[in-house]
Amino acid sequence: MQLGLVGLGKMGFNMRERVRRAGHEVIGYDRNPEVSDSESLADMVAKLEAPRVVWVMVPAGDITRNTVKELSELLSPGDLVIDGGNSKFTDDRVHADLLAEKEIGYVDCGVSGGVWGLENGYALMVGGDARHVEQAMPIFDALRPEGPREEGFAHAGKVGAGHYSKMVHNGIEYGLMQAYAEGFELLDKTDVVDNVPAVISAWQRGTVVRSWLLDLLVRALASDPELDDLRGYVEDSGEGRWTVEEGINNAVPLPVISAALFARFQSRQEDSPAMRAVAALRNQFGGHAVHLAGPSSGAGSTQG
């Protein structure tokens with residue numbers, strides 16, 4: 001089938017390639033003409049045959065809102081818009097209602113996989129009507145990891161359920177990364193352990209704390225055993241805050257996720273080995289920018 005893909009950044013670029021490898025036609029649009037397949041959003045829509053499926057993969061917030069609004073004016077009844085970015089789940093109902101006025105479908109999709117998704121596949125959590133989900137299923141199957149569909153794809157519920165699920169997923173991610181980071185700092189601080197990278201590497205098999213995140217920490221330590229090349233400055237992209245807000249709204253205690261979020265706030269005030277580890281992990285699995293250590297580097301120094 002055909003897919004229009006808006007946003008060809010770190011994830012969108014690789015997603016286009018993975019869908020193409022599965023035999024589908026992808027027509028992408030990005031403001032960067034060097035990676036774009038079309039000259040404009042309107043040009044991309046014109047190249048698609050009805051009923052069209054357009055996947056939006058741009059930063060959450062106004063950019064996504066404006067893109068969905070423009071698509072509502074370009075698409076036709078029976079077409080479908082998928083928001084695969086990290087939008088807040090409360091935006092989804094607004095987008096769905098706007099598009100429904102033009103008889104255009106809407107699905108929200110939480111996507112996890114980072115820069116490794118091209119080869120490994122992406123975990124997908126979607127929200128929306130079953131008929132709209134089914135309309136895009138060939139694309140979901142192309143993007144998800146190989147194996148049983150239910151191990152890499154979930155129709156989580158109504159509109160908003162996909163982004164809500166991804167929000168909680170990212171909140172858990174905050175807690176896991178913080179636990180690994182604090183363990184690293186304690187090992188690094190003591191004079192009892194001489195080879196910290198070896199210890200963490202040994203946890204990769206046979207232990208109850210083994211995971212892909214641990215593998216990525218081992219990978220980061222292999223190139224920088226003390227993580228001295230990084231500042232312990234860690235941003236948050238919003239999902240952790242929203243998860244904590246929802247914990248408050250639903251009276252669900254989230255002490256681990258809350259503490260991990262607050263630790264990121266603290267990282268912007270002072271440097272620490274634990275937050276250097278979190279920064280390294282975010283860079284490893286998602287290609288997120290890091291702040292380099294050194295006398296000439298300021299808070300604005302980043303590396304993609």
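We use all heavy atoms of the structure for the numbers below, so side chains are in, but hydrogens, waters and symmetry mates are not.
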- In the single-linkage hydrophobic clustering (I, L, V, M, F, W, Y; side-chain heavy atoms under 4.5 Å), do Val45 and Val6 co-cluster? yes

- Message: In the structure I gave you, are the side-chain heavy atoms of Leu187 and Val199 within less than 4.5 Å of one another anywhere?
- Response: yes

- Measure from the side-chain N and O atoms of Asp108 to the backbone N and O of Asp92, and report whether any donor-acceptor pair falls under 3.5 Å. no

- Would you say the side-chain atoms of Asp79 pair up with the backbone N or O of Arg52, donor to acceptor, closer than 3.5 Å? yes

Quick one: side chains of residues 247-257, donor-acceptor pairs under 3.5 Å with protein atoms, not counting sequence neighbours, listed by atom name and distance.
residue	atom	partner	partner atom	Å
Asn249	ND2	Glu245	O	3.3
Asn249	ND2	Glu246	OE2	3.1
Asn250	ND2	Glu246	O	2.9
Asn250	ND2	Glu246	OE1	3.3

- Message: Go through it in stages, so that I can follow the logic: the residues are Lys166 and Asn170, the test is side chain to side chain donor-acceptor pair (under 3.5 Å), and I'd like the CA-CA distance, side-chain angles, deciding distance and then a yes or no.
- Response: CA-CA 6 Å; Lys166 180 56 163 45; Asn170 282 23; 3.1 Å; yes

- Under the 3.5 angstrom rule, does the side chain of Ser165 hit a backbone N or O of Ala161 as a donor-acceptor pair? yes

- Message: Assess, by modelled atom type and distance only, whether the side chains of Asp91 and Ser87 contain a donor and an acceptor separated by less than 3.5 Å.
- Response: no

- Could you tell me whether the side chain of Lys102 and the main chain of Ser72 form a donor-acceptor pair under 3.5 Å? yes

- Query: If only atom types and distance count, is the side chain of Asp224 paired as donor or acceptor with the main-chain N or O of Asp229 below 3.5 Å?
  - Reply: yes

- Message: Has Ser267 got a side-chain atom pairing as donor or acceptor with Tyr233's backbone, closer than 3.5 angstrom?
- Response: no

- Message: For Arg65, run the side-chain contact (heavy atoms from CB on, under 4.5 Å) check against Ile63, Asp62, Val68 and tell me which one passes.
- Response: Asp62

- Message: Suppose the criterion is ring pair (Phe, Tyr, Trp, His ring centres under 6.0 Å): which pairs have a residue in residues 91-112, not counting sequence neighbours?
- Response: His95-Tyr106

- Message: Suppose we screen for side-chain hydrogen bond (donor to acceptor under 3.5 Å, both in side chains). Which residues come up paired with Arg264, at least two apart in sequence or across chains?
- Response: none

- Single-linkage hydrophobic cluster, 4.5 Å side-chain cutoff, Leu5 and Leu124 together: yes

- Task: Identify the two heavy atoms, one from Ser223 and one from Pro225, that lie closest to each other, and give their separation to 0.1 Å.
- Result: C-CD, 4.0 Å

- Query: Under 4.5 Å between side-chain heavy atoms, hopping through other hydrophobics if needed: is there a path connecting Trp212 to Leu143?
  - Reply: no

- Query: Is the backbone N or O of Val234 less than 3.5 Å from a side-chain atom of Arg282, with the two atoms forming a donor-acceptor pair by type?
  - Reply: no

- Task: Please check if the side chain of Asp129 supplies one atom and the backbone of Arg131 the other of a donor-acceptor pair under 3.5 Å.
- Result: no

Side chains of residues 109-119: which donor-acceptor partners sit under 3.5 Å, not counting sequence neighbours?
residue	atom	partner	partner atom	Å
Ser112	OG	His169	NE2	3.2
Trp116	NE1	Gln284	O	2.7
Glu119	OE2	Arg21	NH1	3.1

- Message: Taking NZ in Lys158 as the centre, count heavy atoms belonging to other residues, nucleotides or ligands within less than 6.0 Å. Is the count above 12?
- Response: no

Give every donor-acceptor pair under 3.5 Å between a side-chain atom in residues 189-196 and any protein atom, sequence neighbours left out.
residue	atom	partner	partner atom	Å
Thr190	OG1	Val192	N	3.1
Asn195	OD1	Ala198	N	3.1

- OH (Tyr29) and CG (Asp43) are apart, to the nearest 0.5 Å, by 9.5 Å

- What pair of heavy atoms forms the shortest contact from Gly152 to Pro145, and how long is it? CA-CD, 4.0 Å

- Message: When you measure from the side chain of Arg268 to the backbone of Phe265, do you find a donor-acceptor pair of N or O atoms at a distance under 3.5 Å?
- Response: no

- Item | Flag side-chain contact, heavy atom, 4.5 Å: Met11 against Tyr122 | yes

- Item | Shared hydrophobic cluster for Val35 and Leu41 (ILVMFWY, side-chain gaps under 4.5 Å) | no

- Item | Residues Arg16 and Asp37 bridged, charged N to O under 4.0 Å | yes

- Query: Out of curiosity, Leu281 CG to Met275 CE, how far, rounded to the nearest 0.5 Å?
  - Reply: 10.0 Å

- Message: Suppose we screen for ring pair (Phe, Tyr, Trp, His ring centres under 6.0 Å). Which residues come up paired with Tyr180, at least two apart in sequence or across chains?
- Response: none

- Any chance CZ of Arg31 has more than 12 other-residue heavy atoms, nucleotides or ligands included, within less than 6.0 Å? no

- Exactly one candidate in Leu48, Leu80, Asp83, Ile82 meets side-chain contact (heavy atoms from CB on, under 4.5 Å) with Val54; the answer is Leu48

- Message: Holding to side-chain contact (heavy atoms from CB on, under 4.5 Å), I want the full list of residues that pass it with Asp97, two or more places apart in sequence or in another chain.
- Response: Arg93

- Message: According to a hydrophobic-cluster definition based on side-chain heavy atoms being under 4.5 Å apart (Ile, Leu, Val, Met, Phe, Trp, Tyr only), do Met44 and Phe13 belong together?
- Response: no

- Note on the structure: Correct closest heavy-atom pair for Asp30 and Asn32 would be OD1-N, 2.8 Å

- Item | Separation of Glu235 CD from His288 NE2 (nearest 0.5 Å) | 11.5 Å

- Task: Any chance you could measure Leu75, atom CG, to Glu70, atom CD, to the nearest 0.5 Å?
- Result: 10.0 Å

- Considering all heavy atoms of both residues, which atom of Glu185 and which atom of Ala274 are nearest to each other, and what is their separation? OE1-CB, 3.0 Å

- Note on the structure: By side-chain hydrogen bond (donor to acceptor under 3.5 Å, both in side chains), Glu173 pairs with (sequence neighbours left out) none

- Note on the structure: The side-chain hydrogen bond (donor to acceptor under 3.5 Å, both in side chains) partners of Asp215 (sequence neighbours excluded) come to Gln204

- Query: What's the shortest heavy-atom distance between Met177 and Phe285, and which atoms?
  - Reply: SD-CE2, 3.6 Å

- With side chain to side chain contact (heavy atoms under 4.5 Å, CB included) as the test, would you mind laying out the steps for Met15 and Met57 before giving the verdict? CA-CA 10 Å; Met15 290 169 70; Met57 203 69 190; 3.7 Å; yes

- Can you name the side-chain contact (heavy atoms from CB on, under 4.5 Å) partners of Asp141, sequence neighbours left out? Met137, Arg144, Arg149

- Message: Pro138: which residues meet the side-chain contact (heavy atoms from CB on, under 4.5 Å) condition with it, sequence neighbours left out?
- Response: Met1, His24

- Could you verify whether a donor N or O on one side chain and an acceptor N or O on the other, from Glu239 and Ser237, lie under 3.5 Å apart? yes

- Message: Run the side-chain contact (heavy atoms from CB on, under 4.5 Å) test against Ala100 and tell me which residues pass, sequence neighbours left out.
- Response: none

- Assess whether side chain to side chain contact (heavy atoms under 4.5 Å, CB included) is satisfied between Leu221 and Phe184, documenting all intermediate values. CA-CA 10 Å; Leu221 291 171; Phe184 164 77; 3.7 Å; yes

- Query: In Å and rounded to the nearest 0.5 Å, what is the CD to NE2 distance from Glu150 to His155?
  - Reply: 15.5 Å

- Task: Rounded to the nearest 0.5 Å, what's the gap from CZ on Phe262 to CD on Gln178? Could you check?
- Result: 12.5 Å

- Note on the structure: In short, Gln135 meets Pro51 closest at the heavy-atom pair NE2-CB, 4.1 Å

- Query: Judged by atom type as modelled, is there a donor-acceptor pair below 3.5 Å linking the side chain of Gln2 to the main-chain atoms of Glu49?
  - Reply: yes

